[in-house]
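Okay, structure first, notes after.
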Amino acid sequence: MAKGSKTVFFCQECGYESSKWMGQCPGCKAWNSFVEEVVESKKAAQALSRSKNIEAPVTIAEISTEKDARIQTNIGELDRVLGGGIVAGSLTLVGGDPGIGKSTLLLQVCRNLAGLGRKVLYISGEESLRQIKLRAVRIGEFNNNLKLFCETNLDTIREVIKRENPEVTVIDSIQTMYNEEVSSAPGSVSQVRESTGVLMQIAKVLGISIFIVGHVTKDGNVAGPRVLEHMVDSVLYFEGDRHASYRILRGVKNRFGSTNEIGVFEMCANGLEEVKNPSEFMLSGKPEGASGSIVACSMEGTRPILIEIQALVAPSNFGIPRRTAAGTDFNRVNLLMAVLEKRARLNLSASDAYVNIAGGIRMNEPAIDLGIILAIVSSYRDVVIDEKTVAFGEVGLSGEVRAVSMAEQRVQEAKKLGFESVILPCACMKSVENIKGIRLLAVDNIKDAIRCIGA
Ligand SMILES: Nc1ncnc2c1ncn2[C@@H]1O[C@H](COP(=O)(O)OP(=O)(O)O)[C@@H](O)[C@H]1O
Ligand SMILES: [Mg+2]
């Protein structure tokens, strides 16, 4: 007999249930009416009932996608990261440090959707209704399509979702939710995982789009949402400098769109505001006439973003020079400095070097290599780079400047923001030669590039 099943005796006359056989039924007093039956445990029974209504496999043409039209949130930056809006029945995880603005953003989403006449349910396990109201007052006007609910018990939540049948539900946050069937505390890995499983089922069966908020803690004390990244459809992470007002929403997983797309927001008194032109935003406050500063171009998803790279190279007082990299990969900076030493004959071994992506944004695209190289040379030689110049290109170990993707978009972005010249890899020239009104300086290796900036 399969594990998890047991036998019970039923009275055929009245259905009386007994664990052992009896001659006379205590319920209906009938004689010799008991029969033995195998009863599956609850789980096995569920599996059985599920297997009964298995549907036949279908062809692609038979699947209708009409119902899955995307729901626009009217927050352009978020829609872009989601790949064009919310997909019906999808499960999205919004992660980020505490206090970065997850609840604020999702409440704004709720407000917009409610304003468009969609039923929205916001379930909070963290804040009281009063606290949510205080935030809502900050954000603006809400209509009655949005319902709020404070609860942490998933069984209750499931019932409420079934009863309300909203189109979109927000769960804030997964770390506070608990499932009675799991004995561990809320926030533990098994709770978080089980709870997500339950929400996944709700989303898929009822076709409700669910947003889950998950806190990420640096020291990893609380089970981070990373354990459930593989369960959900999309994962968005909120990043940002604690001290800066802008926030970046990055899509790291998306079953319905491209990843690596970013949305830029600014935290204002009345909630998160979209930053429509991040390049302009990132370049505000760029110093004029200072050495060690250059504008580089990085692609974030489908969008080019211009950023300022700063370098400070100063004589070292110690035998081992200090190097730091803020906003980009430290090892990459070390590698580029080694390339400069070997291929451009710069003696950097006695210099401290500090490289910084201004504004606190993180950029790891190889296309900013050339910018980092030129910023370091500019600071080392104390040569000011023309402030209307943008540079992009990947730098290889032999000092060659290699092609990068989407050169055209990068040059167009530079042109749009009023830059006058672009230093770019020779191999990219073909795709941009039709662009007029901006000087294109094609370089083959870093020596050429250094010559371009007059150092
Ligand atoms: N009046 C305000 N003006 C500007 N920013 C505010 C204001 N009130 C709150 N904030 C910002 O909102 C943040 C709280 O956002 P919240 O959505 O609660 O974060 P999370 O849900 O990610 O923990 C605070 O860290 C603060 O920076
Ligand atoms: Mg919150």
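Both ligands and their constituent atoms are indexed starting at 1 by order of listing. Along the sequence shown, the residues carry numbers beginning at 1.
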Check: Does a side chain donor of either Ser421 or Thr389 reach within less than 3.5 Å of an acceptor in the other side chain?
Finding: yes

Item checked: Residue Ser103, metal the Mg ion (ligand 2), N/O/S under 2.8 Å -> yes

Next item on the list: With heavy atoms only and a cut-off of under 4.0 Å, state how Pro98 meets ligand 1: side chain, backbone, both or neither.
Entry: backbone

Next item on the list: Specify the protein heavy atom at minimum distance from atom 21 (O) of ligand 1: its residue, its atom name, and the distance to 0.1 Å.
Entry: Ser103 OG, 2.5 Å

Margin query: Among all protein heavy atoms in this structure, tell me which lies nearest to atom 16 (P) of ligand 1, with the distance rounded to 0.1 Å.
Written below: Thr104 OG1, 3.5 Å

Note to self: Can you tell me which portion of Lys102 lies within the under-4.0 Å heavy-atom range of ligand 1? Options are side chain, backbone, both, or neither.
What the structure shows: both

Next item on the list: Please confirm whether the backbone N or O of Gly76 pairs with a side-chain atom of Glu274, one donor and one acceptor, at under 3.5 Å?
Entry: yes

Item checked: Pair Glu308-Ser293, side chain to side chain donor-acceptor pair (under 3.5 Å): steps then yes or no -> CA-CA 7 Å; Glu308 184 199 347; Ser293 157; 2.8 Å; yes

Margin query: Geometry only, no angles: is Met267 polar-contacting ligand 1 at N/O separations under 3.5 Å?
Written below: no

Note to self: Check Lys119 with Glu167, please: is the shortest side-chain N to carboxylate O separation under 4.0 Å?
What the structure shows: no

Checklist line | Heavy atom of the protein closest to atom 27 (O) of ligand 1 (residue, atom name, distance) | finding: Arg247 NH2, 3.9 Å

Note to self: Check whether Asn145 reaches the backbone of Ala114 with its side chain - one donor and one acceptor, N or O, closer than 3.5 Å.
What the structure shows: yes

Check: Is Ile171 close to Tyr122 at the side-chain level, that is, under 4.5 Å between some pair of heavy atoms?
Finding: no

Note to self: Tell me whether Glu280 contacts the main-chain N or O of Asn277 through its side chain, where contact means a donor paired with an acceptor under 3.5 Å.
What the structure shows: no

Item checked: ligand 1 atoms in contact with Arg135 (distance to a heavy atom under 4.0 Å) -> 16 (P), 18 (O)

Check: At the 4.0 Å heavy-atom cut-off, does Glu126 count as touching ligand 1?
Finding: no

Check: Is the backbone N or O of Pro315 less than 3.5 Å from a side-chain atom of Ser351, with the two atoms forming a donor-acceptor pair by type?
Finding: no

Margin query: Ignoring hydrogens, what is the shortest heavy-atom contact between Ala407 and Ser431? Give both atom names and the distance.
Written below: CB-OG, 3.9 Å

Notebook entry, point to check: Hey, looking at atom 20 (P) of ligand 1, which of Gly99, Ser124, Ser173 has the closest heavy atom?
Noted result: Gly99

Note to self: Any side-chain to backbone donor/acceptor pair from Asp352 onto Arg322? Under 3.5 Å, distance only.
What the structure shows: yes

Check: In the protein, what heavy atom is nearest to atom 4 (C) of ligand 1, and what distance, to one decimal place, separates them?
Finding: Cys268 O, 3.4 Å

Item checked: Distance from atom 19 (O) of ligand 1 to nearest protein heavy atom, with residue and atom -> Gly101 N, 3.1 Å

Notebook entry, point to check: Closer than 4.0 angstrom: is that true for some heavy atom of Ala269 and an atom of ligand 1?
Noted result: yes

Note to self: Would you say atom 24 (C) of ligand 1 makes contact with the protein, given that contact here means a non-hydrogen protein atom less than 4.0 Å away?
What the structure shows: yes

Check: Could an N or O of ligand 1 be found under 3.5 Å from any N or O of Arg138, whether backbone or side chain?
Finding: yes

